[in-house]
Structures are given as C-alpha cells and as structure tokens.
Amino acid sequence: MTAIVVIAHAPLASALRACVAHVFPDDVGCVQALDVPATDQVDAVFEQAKALLPSHGEALVLTDMFGATPANVASRLASVGGCRVLAGVNLPMLLRAVCYRDQPVDQLVIKAVAGGTQGIMPVVLTAPQNQPKRAHDPQDHHHQQ
C-alpha cells in the first residue's frame, strides 16, 4: 500500500489529516502530515519530511502550492526514490488518494488528480426544491434600509 504524506503551510496539512480522520477514521493511519511554519528553512523541513517516508515501499506526497517551501521540500523528496509528488492538494484529492492507496502509485496519481479536479466546481444558488418561485411584489418591503 502506498503511504500518503501531506506537506503544506501550517496548519493546512494537519487540518486535511483531521478531515481524513473524520471521514475515514479507520484509514487515517496511512496519512502523515507535516505543517510548515513560515519561519522554517527548506533543509530543516526536508529532514522532517524524509523521516515521514516509509522505509520501504512507495509514497505519494501531496503539497499545497507549487513553488512554495512545502512544494520545494516535496520535490526534493521525489529525488529520494519511490516517491511521487502532486501540488495543489485539496480535500477531494486527499480523500480519493486514501480510497485508492492500494493501487500502483502511477494509478493512484491519476485517481488523486481526478479527485482534486472533479472536486472543483461552481456552486449555484437555486430556489429550494419543491417550492414555487414567488413573483416580486413591489409593495413588499421586507428589506432593511
């Protein structure tokens, strides 16, 4: 099974892991989180991140924003071997990764990207279901001035 490591600006990594614990309490153990404070240096964070990787097997590292310190640390982890990195983590991406972590890492990457992108959508306000739409009455003044 592929290990999942989330490296993000503090406190996002821990918050995402807490969401996994809420949705999949039995599976939260497969997710490691590393919050990166603004003051931390890449070398120090890299050593902390490397310690979260499994001693054998593959890992999927999810990071928040390409080009920032967490992503730079994650890209250095990719050179360690057995590690794939995705930037732009969101909750749908992470949940999809947890659900499919038993698949080969290349398939897991595809599933995680699909979950992340399909989880982004515009939300449109609509009238409550089964409620007739009321015509506007100019005599109705229910708003405050």
Side-chain angles (χ1 to χ4, degrees), residues 1-136 140 142-144:
M1 247 187 246
T2 303
I4 300 169
V5 179
V6 181
I7 304 172
H9 291 89
L12 182 59
S14 294
L16 287 169
R17 187 175 189 277
C19 290
V20 172
H22 175 75
V23 178
F24 300 121
D26 295 337
D27 298 318
V28 71
C30 74
V31 178
Q32 299 295 321
L34 178 59
D35 289 313
V36 181
T39 57
D40 282 8
Q41 299 298 314
V42 172
D43 290 335
V45 176
F46 175 72
E47 292 304 319
Q48 293 173 357
K50 198 164 73 168
L52 295 177
L53 294 178
S55 57
H56 60 281
E58 297 177 310
L60 175 61
V61 178
L62 305 174
T63 188
D64 53 1
M65 189 172 76
F66 182 79
T69 299
N72 293 336
V73 168
S75 66
R76 284 180 62 182
L77 288 177
S79 66
V80 171
C83 183
R84 297 289 302 270
V85 177
L86 291 176
V89 66
N90 59 26
L91 185 56
M93 176 188 286
L94 178 56
L95 294 178
R96 182 75 61 97
V98 169
C99 287
Y100 291 97
R101 70 186 185 283
D102 60 335
Q103 292 192 3
V105 72
D106 290 334
Q107 287 297 315
L108 180 58
V109 166
I110 292 168
K111 295 286 189 183
V113 169
T117 56
Q118 291 169 2
I120 299 170
M121 61 186 65
V123 177
V124 179
L125 296 177
T126 61
Q129 291 184 356
N130 302 322
Q131 298 293 316
K133 188 173 181 179
R134 293 177 46 189
H136 177 69
D140 260 343
H142 294 291
H143 62 277
Q144 295 180 354

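Note that the structure is predicted; figures quoted are calculated from it, not measured.
Counting all heavy atoms, side chain and backbone alike, Ala71 lies closest to Thr63 at N-OG1, 3.2 Å. The shortest heavy-atom contact between Ala74 and Val85 is O-CG2, 3.2 Å.
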Could you pull out every donor-acceptor pair under 3.5 Å between side chains of residues 2-9 and any protein atom, sequence neighbours left out?
unit_1 : atom_1 : unit_2 : atom_2 : d
His9   : ND1    : Asp64  : OD1    : 3.4
His9   : ND1    : Asp64  : OD2    : 2.6

Show me the donor-acceptor pairs within less than 3.5 Å that the side chains of residues 89-101 make with the rest of the protein, sequence neighbours left out.
unit_1 : atom_1 : unit_2 : atom_2 : d
Asn90  : OD1    : Met93  : N      : 2.8
Asn90  : ND2    : Gly116 : O      : 3.1
Arg96  : NH2    : Gln118 : OE1    : 3.4
Arg101 : NH1    : Val98  : O      : 2.7
Arg101 : NH2    : Asp27  : OD1    : 3.2

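A donor-acceptor pair under 3.5 Å links the side-chain atoms of Asp35 to the main chain of Ala13, judged by distance alone.
Sorted by first and then second residue, the salt bridge (charged side-chain N to carboxylate O under 4.0 Å, His left out) pairs involving residues 79-94 (not counting sequence neighbours) are Arg84-Asp106.
More than 12 heavy atoms of other shown residues, nucleotides or ligands fall within 6.0 angstrom of atom CD in Glu47.
Listed by chain and number, the residues in a side-chain hydrogen bond (donor to acceptor under 3.5 Å, both in side chains) with Asp43 are Arg76 (sequence neighbours excluded). Not counting sequence neighbours, Pro25 has no partner by the side chain to side chain contact (heavy atoms under 4.5 Å, CB included) test. For the side chain to side chain contact (heavy atoms under 4.5 Å, CB included) test, no residue two or more places apart in sequence or in another chain qualifies with Pro11.
Expressed to the nearest 0.5 Å, how far CG of Asn72 lies from CZ of Phe66 amounts to 7.5 Å. Atom CG of Leu60 is separated from atom CG of Leu86 by 5.0 Å, given to the nearest 0.5 angstrom.
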Notebook entry, point to check: Run the side chain to side chain contact (heavy atoms under 4.5 Å, CB included) check on Val36 and Val73 step by step: do they pass?
Noted result: CA-CA 10 Å; Val36 181; Val73 168; 5.9 Å; no
